[in-house]
J.: 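Take a look at the following structure, please.
Worth knowing before you read on, the calculation uses all heavy atoms, side chains too, and leaves out hydrogens, waters and symmetry mates. We count ligands from 1, going down the list as the structure has it; atoms in each ligand are counted the same way.
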Amino acid sequence: MREMRAILVEELGEPERLRIADRPVPQPGPGQIRVDIAVAGVNFMDTGARRLGAATGDLPFVPGVEGAGRVSELGEGVTEFTVGDRVAWVYAYGSYAEQIVLPAADAVPVPDDISDEIAASLMMQGITAHHFVTEAADVRPGQVAVVHAAAGGLGQKLTQLVKARGGKVIGIVSSEQKAETARDGGADHTVVSTGDAFVGPVLELTDGEGVDVVFDGGGETTFRASMEVLRRHGLLLYYGAVIGAVPVVNMRELPHSIKVSYPVFRDHIPTREALLRHSADLFDLVRRNILIPDIGRRYPLDGAAQAHRDIESRTTTGKLLLFP
Ligand SMILES: NC(=O)c1ccc[n+]([C@@H]2O[C@H](COP(=O)([O-])OP(=O)(O)OC[C@H]3O[C@@H](n4cnc5c(N)ncnc54)[C@H](OP(=O)(O)O)[C@@H]3O)[C@@H](O)[C@H]2O)c1
């Protein structure tokens, strides 16, 4: 039996649980393709899977849900790809590995002028940011947004897409160094804050009015403060369930007739047609230099544990990638 190298989680817990192992090369079934992985993306949600288990419930499991590479084998009935095609994907467990099998219907063809690194870095954070500024928040010209973790992989993309729609961005970051990164990425203003310290500075920057929309992936420590910086009828998008405890809200606590949403990126790509359309939009935004994905750190496959330590210790900016 042919073998490949993969990261395996046999027990849930700390980053040390991410161990390199030899695994059988997966075989594609009907409607599936096997891909030789060039790059795998690291996402904050992977740390949740490592600690709490994968959404599939399997143990052991190969973590990672995103990547880019070349098709190396076709399962029965697959007609939309040929061996050698470049593809990218999101939400396919098994991505921290040399090879993966996934449904052909979940693979996105990667155009020649888009590198594997860029394609992999767009699939989770790019589609999510696209979802948040379009269907979830529908950001309009002149609106002001607060973006939490504005130097992070998702935060930078949110910033650039809000700006592309004519909005202004106040980026919240945890250090002066990250503030510089967030401004380089397009933020109009930055506030250095952890917890709720950003409320005063954001209200000051908006003459006490508050902002139109807050993008908050920060967990319970920022949630209530995010409500306080919204103007009347403002919108809070909350997506920080992996980072911290999920806030419990009494409806009567909501100030200024604000709206609260828990957007899930899968709702943006419910069909293959939507996945292809939104991916094509993102590739085009990169081509036009509107979206400039920042690769923060690159790791070999056996550096997965270090990548998790880094993202959990708030020391990273931009997208983190693993190279099998
Ligand atoms: N709902 C969805 O569809 C969806 C999709 C993708 C991602 N997400 C969520 O979006 C958030 C960002 O994900 P990402 O993968 O793009 O990661 P990321 O933003 O590149 O990195 C995480 C950043 O979060 C900030 N952070 C705030 N509190 C933290 C804490 N207690 N521990 C560690 N970091 C903390 C840190 O920035 P500062 O140091 O500047 O605060 C850190 O650099 C996560 O909550 C993730 O689960 C949700």
J.: What are the atoms of ligand 1, with element, lying closer than 4.0 Å to any heavy atom of Thr316?
T.: 43 (O)
J.: Would His148 and Phe198 satisfy ring-ring contact (aromatic ring centres under 6.0 Å, His included), going step by step from the backbone distance to the final call?
T.: CA-CA 10 Å; His148 283 274; Phe198 63 92; 4.9 Å; yes
J.: Applying side-chain contact (heavy atoms from CB on, under 4.5 Å) to Glu312 and Arg50, what does each step give before you reach the verdict?
T.: CA-CA 12 Å; Glu312 287 182 304; Arg50 189 204 72 226; 3.1 Å; yes
J.: Starting from atom 41 (O) of ligand 1, what is the nearest protein heavy atom, named by residue and atom, and what distance separates them?
T.: Arg314 NH2, 2.7 Å
J.: Does ligand 1 come near enough to Thr128 that some N or O of the ligand is less than 3.5 Å from an N or O of the residue?
T.: no
J.: With Glu117, which of Arg298, Lys319, Arg297 fulfils salt bridge (charged side-chain N to carboxylate O under 4.0 Å, His left out)?
T.: Arg298
J.: Short N/O distance, under 3.5 Å, between Gly217 and ligand 1?
T.: yes
J.: Does Arg266 make a cation-pi contact with Tyr91 (under 6.0 Å, within 45 degrees of the axis)?
T.: yes
J.: Is there a nitrogen or oxygen of Leu154 sitting under 3.5 Å from a nitrogen or oxygen of ligand 1?
T.: yes
J.: Provide, to 0.1 Å, the distance between atom 43 (O) of ligand 1 and the closest protein heavy atom, together with that atom's residue and name.
T.: Lys178 NZ, 3.1 Å
J.: If you measure every N/O of Phe44 against every N/O of ligand 1, is any gap under 3.5 Å?
T.: yes
J.: Does ligand 1 have a heavy atom under 4.0 Å from the side chain of Glu312, from its backbone, from both, or from neither?
T.: backbone
J.: As a quick check of understanding, evaluate side-chain hydrogen bond (donor to acceptor under 3.5 Å, both in side chains) for Ser257 and Arg232, giving each step before the final call.
T.: CA-CA 6 Å; Ser257 309; Arg232 267 195 304 279; over 6 Å; no
J.: Quick one: which of Thr317, Ile311, Val42, Thr190 has a heavy atom closest to atom 21 (O) of ligand 1?
T.: Ile311
J.: Of Ser174, Gly218, Gly219, which has the heavy atom at the shortest distance from atom 39 (O) of ligand 1?
T.: Ser174
J.: Under 4.0 Å, heavy atoms only, figure out whether ligand 1 is touched by the backbone of Pro263, its side chain, both or neither.
T.: backbone
J.: Taking 4.0 angstrom as the limit and counting only heavy atoms of Val242, give me the atoms of ligand 1 inside it, by number and element.
T.: 47 (O)
J.: Treating Ile, Leu, Val, Met, Phe, Trp and Tyr as nodes and any side-chain heavy-atom pair under 4.5 angstrom as an edge, say whether Leu322 and Val87 lie in one connected cluster.
T.: no
J.: Please list the nearest protein heavy atom to atom 30 (C) of ligand 1 with its residue and the distance rounded to 0.1 Å.
T.: Ile243 CG2, 3.6 Å
J.: Please lay out, stage by stage, how Phe132 and Tyr239 fare under the test ring-ring contact (aromatic ring centres under 6.0 Å, His included).
T.: CA-CA 10 Å; Phe132 289 3; Tyr239 44 91; 4.7 Å; yes
J.: Starting from atom 25 (C) of ligand 1, what is the nearest protein heavy atom, named by residue and atom, and what distance separates them?
T.: Ala149 CB, 3.6 Å
J.: Distance to 0.1 Å, residue and atom name: give those for the protein heavy atom nearest to atom 9 (C) of ligand 1.
T.: Tyr239 O, 3.4 Å
J.: Less than 3.5 Å between some nitrogen or oxygen of Gly153 and one of ligand 1, yes or no?
T.: yes
J.: Can you list the atoms of ligand 1 that are under 4.0 Å from a heavy atom of Asn43?
T.: 15 (O)
J.: Using heavy atoms and a 4.0 Å limit, tell me yes or no: is Gly155 in contact with ligand 1?
T.: no
J.: Looking only at distance, does Phe132 have an N or O less than 3.5 Å from an N or O of ligand 1?
T.: no
J.: At less than 4.0 angstrom from any non-hydrogen atom of Gly152, what atoms of ligand 1 do you find?
T.: 19 (O), 20 (O)
J.: As an exercise, identify every atom of ligand 1 less than 4.0 angstrom from a heavy atom of Phe265.
T.: 3 (O)
